[in-house]
Amino acid sequence: MSQFWKPGAEKPRILDDEEGGVLFLASSISSTSSGYGYASIEKQRLRLPVYKYRTAILYLVETHATTVIVGETGSGKTTQIPQYLKEAGWADGGRVIACTQPRRLAVQAVASRVAEEMGVKLGEEVGYTIRFEDLANSGVTMIKFLTDGVLLREMMDDPLLTKYSVIMVDEAHERSISTDILLGLLKKIQRRRPELRLIISSATIEAKSMSAFFQTSKRRRGLEADELGPRKDPAILSVEGRGFNVQIHYVEEPVADYVRAAVSTVLSIHDQEPPGDSLVFLTGQDDIDAAVQLLTEEAQANGKKNSSGLIVLPLYSGLSRMEQDLVFSPTPRGKRKVVISTNIAETSLTLEGIVYVVDSGFSKQRFYNPISDVENLVVAPISKASARQRAGRAGRIRPGKCYRLYTEEYFINEMPAQGIPEMQRSNLVSCVIQLKALGIDNILGFDWPASPAPEAMIRALEVLYSLGVLDDDAKLTSPVGFQAAEIPLDPMIAKMMLSSSQLGCSEEIITIAAVLSIQSIWVSTKAQKELDEAKLRFAAVEGDHVTFLNVYQGFLRSGKSSQWCHKNFVNYHAMKKVIEIREQLRRIALRIGIVLKSCERDMLVVRKAVTAGFFANACNLEAYSHNGMYKTVRGSQEVYIHPSSVLFRVNPKWVIYQSLVSTDRQYMRNVITIDPSWLTEAAPHFFQHQRPDPIGR
DNA sequence: GAGCACTGC
């Protein structure tokens, strides 16, 4: 690797900061530029804030194993840094520069932008890989964008990620499970591959902890200057963003009802502020529908006086594509668009034209209780980091305003600085099986950016053991454990697939696995009665899983028709996704030796295969129960069949569920009938341990 | 007779 600064030129100055990180002081602004493609694009590149740090970034990457880049939105870091690295030679000799993103859409968008800037065809020098789509060309692609989940999967074939010279982990501050696993593994890889460079891109608030995580033993720092290779202590570099100033307003007194407070704030913005669209952050569909209703009523009641000219639009992921697209349509002259949204507008979708943000201070967050093994969705206060991100949405086109529906005192003194990483709020079975597959034996001693609760780890190990995926030494079993690790789904679903091979119903089970791994195959609609009637057309006495098979068959028979879906209240996009996932699962099944076979109409073996994966979720109807109360075999927990299930009010004696949703009651979603004798057959150890004889009842 | 923040392989 050649040094990129010219001999004789002034060497960039480096200063250690008090935390042991390294800050760079730009001594001069580089003005190198080579003749790429179109002048206008080249000019745009030069105007990005990140450009004046080009030299600094390349210097730090050259001299440090890890560089933490704090880049605010609009800095251009994601599109430019990979190009700078390529220009400096990091992709020479067949090596590849990787840049990971948490979301598929971002991967595609950034990759095509970079290909355009470089004037190359997407899929050649610049490529991308996401699930179902591989537009990277081995031997040709120099810059590759990919989701962090895909990079983790790549590690199963190449644990040291040898083809990559630099790996940039973008949006690391979001702390998703896969980003955290990736960071932990990359830190391990660094010890084996000193030539590998990492760039961790993070928000201000997380930069110090990211740097501390990659800081290796402080004692040896003095010696490192004499060693060959890059410095082990991470560098930190800040790049300013391009957002406009956003003025923050707080309420003076805490509000009792944030939906009403949000509505009246929207109305007073409309009354008193100059034109510009508003974005309101609430927690979920209920809140949002209520707020839309209130605003619409207000608009009608007040006629011209106040809220005429308001276009009120809800935004959450449950909406159909068409309904979601409405929020992107340009606002007509003289009108004001008000988008009422969940967290989807905080990171996943970017709305242009927003000048006013109203922040309720809450969002729905997942929490996991490892003792009861139940994941819950709870309305909880957001973090300061989230609040800043939400406010930033108002400053994209011109200076904006953010109205926070909480007091300044609360923001300063009580709001947590950062959210709890997803790793510490989730069931960890998928995470643990993935680490095991990568040869990480000491799971409890793994060096995480944020350690999960030991109880959650132990629970995950227990579940994997009961599935026969791990043995007594907590090593992957052969072949079941290794096969299950290859299947990119929940290990319980993976186990169900593996059992279907022996039972001769893998074609059916693969369909069921695909359906279970998406949100819902039904459209979300307010016409509940019609939806229920449509469901009845497919309902099977065996339960929801078999009902899914009927829907899938119907969809195929219709020639995958969208009209057929519309007529039957089936979500067309969901079904297309089922087809895609099914294809992927079939390919994997062939590779790992699952026998592809249909059981035709024999649903008994299908139910047995479901039992083989989900025996831990077996429930028994309480004797003499008049309200459909079940008890779980494992924990004698009180549960009920969800009203959306085809078995609702049917109440068979023995059932297995896929998941629990907890509100005032615990409801079982996706339920199928079983014979209790299958339980001891499927998992003799598990039931011996839990209860001597579940059949005897 | 009730409800599903958001990603991802």
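Order of the sequence lines sets the chain letters (A, B, ...), proteins ahead of strands, with each chain counted from 1.
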Check: Is the A:Phe362 to A:Tyr258 ring centre distance short of 6.0 Å?
Finding: yes
Note to self: Can you work out whether A:Lys529 or A:Pro488 has the more 5'-proximal nearest nucleotide on DNA chain B?
What the structure shows: A:Lys529
Checklist line | Carboxylate-amine/guanidinium contact A:Glu422 A:Arg366, below 4.0 Å | finding: yes
Check: Base, sugar-phosphate, or nothing: which does A:Val661 touch, judged by heavy atoms less than 4.0 Å apart?
Finding: sugar-phosphate
Notebook entry, point to check: What nucleic acid atoms does A:Gln434 come within less than 4.0 Å of, heavy atoms only: base, sugar-phosphate, or nothing?
Noted result: nothing
Check: How long is the span from the NE2 atom in A:His545 to the CD1 atom in A:Ile512, to the nearest 0.5 Å?
Finding: 6.5 Å
Notebook entry, point to check: Between A:Arg175 and A:Glu206, does at least one N-O distance fall below 4.0 Å, as a salt bridge requires?
Noted result: yes
Check: 5'-most contact on DNA chain B: A:Arg649 or A:Arg669, nearest heavy atom basis?
Finding: A:Arg649
Notebook entry, point to check: Across the strands shown, which category fits A:Ser178 at heavy-atom distances under 4.0 angstrom: base, sugar-phosphate, nothing?
Noted result: nothing
Next item on the list: Check every strand shown and say whether A:Ser348 touches a base, only sugar-phosphate, or nothing at a heavy-atom separation below 4.0 Å.
Entry: sugar-phosphate
Next item on the list: Salt-bridge test for A:Glu72 and A:Arg388: reply yes if a basic N is under 4.0 Å from a carboxylate O, no otherwise.
Entry: no
Next item on the list: Looking at every strand, decide which applies to A:Thr342 at a 4.0 Å heavy-atom threshold: base, sugar-phosphate, or nothing.
Entry: sugar-phosphate
Next item on the list: Identify whether any heavy atom of A:Ile130 sits under 4.0 Å from a base atom; if not, whether one sits that close to sugar-phosphate; answer base, sugar-phosphate or nothing.
Entry: sugar-phosphate
Next item on the list: May I ask you to say what A:Arg103 touches in the nucleic acid, namely base, sugar-phosphate or nothing, with a heavy-atom cut-off under 4.0 Å?
Entry: sugar-phosphate
Notebook entry, point to check: What nucleic acid atoms does A:Asp286 come within less than 4.0 Å of, heavy atoms only: base, sugar-phosphate, or nothing?
Noted result: nothing
Item checked: Terminal contacting nucleotides, 5' and 3', DNA chain B versus chain A (heavy atom, 4.0 Å) -> B:dG1 to B:dC9
Note to self: Within the 4.0 Å heavy-atom criterion, would you say A:Gln285 contacts the bases, only the backbone, or no part of the nucleic acid?
What the structure shows: base
Notebook entry, point to check: Which part of the nucleic acid, if any, lies within contact of A:Tyr667, taking any heavy atom under 4.0 Å across all strands shown: a base, the sugar-phosphate backbone alone, or nothing?
Noted result: sugar-phosphate
Notebook entry, point to check: Looking for any heavy atom pair under 4.0 Å, which part of the strands does A:Ile344 touch: base, sugar-phosphate only, or nothing?
Noted result: sugar-phosphate
Notebook entry, point to check: How would you list all residue pairs meeting salt bridge (Lys or Arg N to Asp or Glu O under 4.0 Å) that involve residues 569-592 of chain A, not counting sequence neighbours?
Noted result: A:Glu486-A:Arg591, A:Glu507-A:Arg582, A:Glu507-A:Arg586
Next item on the list: Check side chain to side chain contact (heavy atoms under 4.5 Å, CB included) between A:Glu174 and all other residues, then give those that pass, not counting sequence neighbours.
Entry: A:Pro102, A:Arg103, A:Glu171, A:Thr347
